[in-house]
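Order of the sequence lines sets the chain letters (A, B, ...), proteins ahead of strands, with each chain counted from 1.
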Amino acid sequence: MILPRVIPVLLVADRRQVKSRRFKPYRYVGDPINSLAIFSALGADEIVVLDIEASPLGRGPDLVQAGDLASECTVPLAYGGGIRTADDAGALIRLGVEKVVINTATAGDPDLITRTADLFGSQAVVAGLDVRRDRAGRPVVWVRSGQQRLDEHPVVRARRLEALGAGEILLTDIDRDGGMAGYDLDLVAAVAAAVTVPVIVCGGAGRHDDLRAAVVAGASAAAAGSLFVFRDDGQGVTIHYPDRPALDALFVAGGTPGEDGGRP
Amino acid sequence: MTGTGTASDTVIVDWGVGNIGSVANAVRLAGGTAEISASPERIAVARRLILPGVASFDAAVAGIDRRGLREVLGDRVIGEGVPTLGICLGMQLLFDGSDEGGGAGFGWLSGRVRRFSPSPALRLPHMGWNTLEEVRACPLLEGLPPRSRFYFVHSFHLDAADGPTVVACCDYGYRFAAVVQSGNLFGVQFHPEKSHQAGLRLIANFLSVASP
């Protein structure tokens, strides 16, 4: 039977891997190709790479970068950042990307999801859904790497993205991004319950047990950035991914309830 | 159709949609060499063929027909019997047709492709790592550790889980065909090019199947 997926998310800006906190400011981590090669060698379930500068700068996807990353990846790769046309998606898939993550462009051109799914199948189209809370604490959708607000509740938007043909939703919690204080499980549950496609959740994972909590709340996959990439000043970058026994303990029935296996 | 030029080892058929880059990378990592081609002349001298996935059924059919590849592929696969591996959508195209679209598959194997039956508990697409239940021996599966996992990402599957061509099944709510074989013709519903070590071993096994 299928198991929940655990997915490292790599953020890239100007071809450099970065970490973020609430989607800003950026902290330099290293060469994304190195990190991706390590995650791939460790047998990560999937890897998501997001070019967080593409949409704010108004450019399309960095195909050279995507090709370099894809050539190092023996596990499924999802790539997002600046995808504006079905041709963009096709070019990425030809290079070796299994799924494209489309976010900002869907605000002005929702049909982009449908056109891309019609050519490549909905299973190749991941719709990004970034959420920040307003002053009253209500969750609101934002695009363009957290710079442009849409007047839509995430549950409503998730349903719309599925109806347009997205085969998966990547839900990212901007407020909890980089905080390592846990996912917002109410938000996870609400979005997961609203759709029939798989939902990947990201933003807030601080321990292995958070990954399981997200799945219990309804996510099909738990994604994390900070949890898997550590930068200790003076000691370089440490890549971490749970091994098979640790993953089985989290997700296989009868596995030991999670101890805090987060930090190496 | 007679070919021109030297025989190429493996040709990954490019019909305009598909993750040909991943497949080419994986063949390289598995120790082989592959050429990506949309040319009937190159396909006509290929000693081995891979039909890639990541496309909708009709988009692939349109690409195949726009490039006029049906005849040369039929000659090579059925006429000459070169080892041929269909991956995901590539496997589905081996059959007659799919509920996903109105286009015609190659029809080299009998059967239709249908959408997973909706189940309240299970989300679609079937997306993630799953295991195989081996029904009969097949060169593709040789040497794989027991309970090897492969990456599936699809909403459609072959309608029959039993039958002479079914080599292995997978379970997602119910059993469905995950590996098929008929002589030189192989199909896998999952993506071996992205299934880490087990997938690379399967691809290496395919590259070792003798070509005529």
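Residue A:Glu72: no heavy atom, backbone or side chain, is found under 4.5 Å from chain B. Proximity to chain A is limited to the side chain of B:Asp14, based on heavy atoms less than 4.5 angstrom apart. Both the backbone and the side chain of B:Asn19 come within less than 4.5 Å of a heavy atom in chain A. Proximity to chain B (any heavy atom under 4.5 Å) is restricted, for A:Ala41, to the backbone atoms N, CA, C and O. Interface residue A:Leu95: only backbone heavy atoms are found under 4.5 Å from chain B. In this structure, chain A has a heavy atom under 4.5 Å from the backbone of B:Ser195, while its side chain stays farther away. Looking at B:Ile36, there are no atoms closer than 4.5 Å to chain A (heavy atoms on both sides), in backbone or side chain. Residue A:Leu92 does not touch chain B at all, counting heavy-atom pairs closer than 4.5 Å. For a residue to count as touching a neighbouring chain, one of its non-hydrogen atoms must lie under 4.5 Å from one of that chain's; by this rule B:Leu89 does not touch chain A. Only the side chain of A:Ser220 has a heavy atom closer than 4.5 Å to any heavy atom of chain B. Both the backbone and the side chain of A:Ala192 have a heavy atom closer than 4.5 Å to some heavy atom of chain B.
With chain A as partner, the option from B:Gly63, B:Ala59, B:Gly18, B:Ser155 having the largest number of non-hydrogen pairs under 4.5 angstrom is B:Gly18. Chosen from B:Gly21, B:Gly16, B:Cys170, the residue pairing most often with chain A at heavy-atom distances under 4.5 Å is B:Gly21. Ranked by non-hydrogen atom pairs under 4.5 Å with chain B, the options A:Ser40, A:Gly121, A:Ala221, A:Pro198 are led by A:Pro198. Options B:His191, B:Arg149, B:Glu193, B:Arg28 differ in how many heavy-atom pairs under 4.5 Å they form with chain A, and the most are formed by B:Arg149.
Nearest heavy-atom pair across B:Asn25 and A:Ser71 is ND2-CA, 3.2 Å. Here the closest heavy-atom approach between residue B:Pro125 and residue A:Gly167 is recorded as CD-O, 3.1 Å. Smallest separation of non-hydrogen atoms from A:Phe120 and B:Val17: CE2-CG1, 3.5 Å.
For residues 94-108 of chain B, heavy-atom neighbours of chain A at less than 4.5 Å comprise B:Glu100, sorted by residue number.
Applying the 6.0 Å contact sphere to CZ of B:Arg147 captures no more than 12 heavy atoms from other residues, nucleotides or ligands.
Defined by atom type and a distance below 3.5 Å, a donor-acceptor pair is present between the side-chain atoms of B:Ser22 and A:Glu98.
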Between A:Ile2 and B:Arg123, does a side chain to side chain contact (heavy atoms under 4.5 Å, CB included) hold up when you go through it step by step? CA-CA 11 Å; A:Ile2 204 169; B:Arg123 294 172 184 261; over 6 Å; no
Step-by-step side chain to side chain contact (heavy atoms under 4.5 Å, CB included) determination, A:Arg94 to B:Ile20: CA-CA 5 Å; A:Arg94 280 178 80 81; B:Ile20 48 183; 3.5 Å; yes
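Under a 3.5 Å cut-off, the side chain of A:Arg5 and the backbone N or O of B:Trp129 do not form any donor-acceptor pair.
Distance check: A:Ser122 OG to B:His154 NE2 gives 12.0 Å after rounding to the nearest 0.5 Å. Taking CG of A:Leu77 as the reference point, atom NZ of B:Lys194 lies at 5.0 Å (rounded to 0.5 Å).
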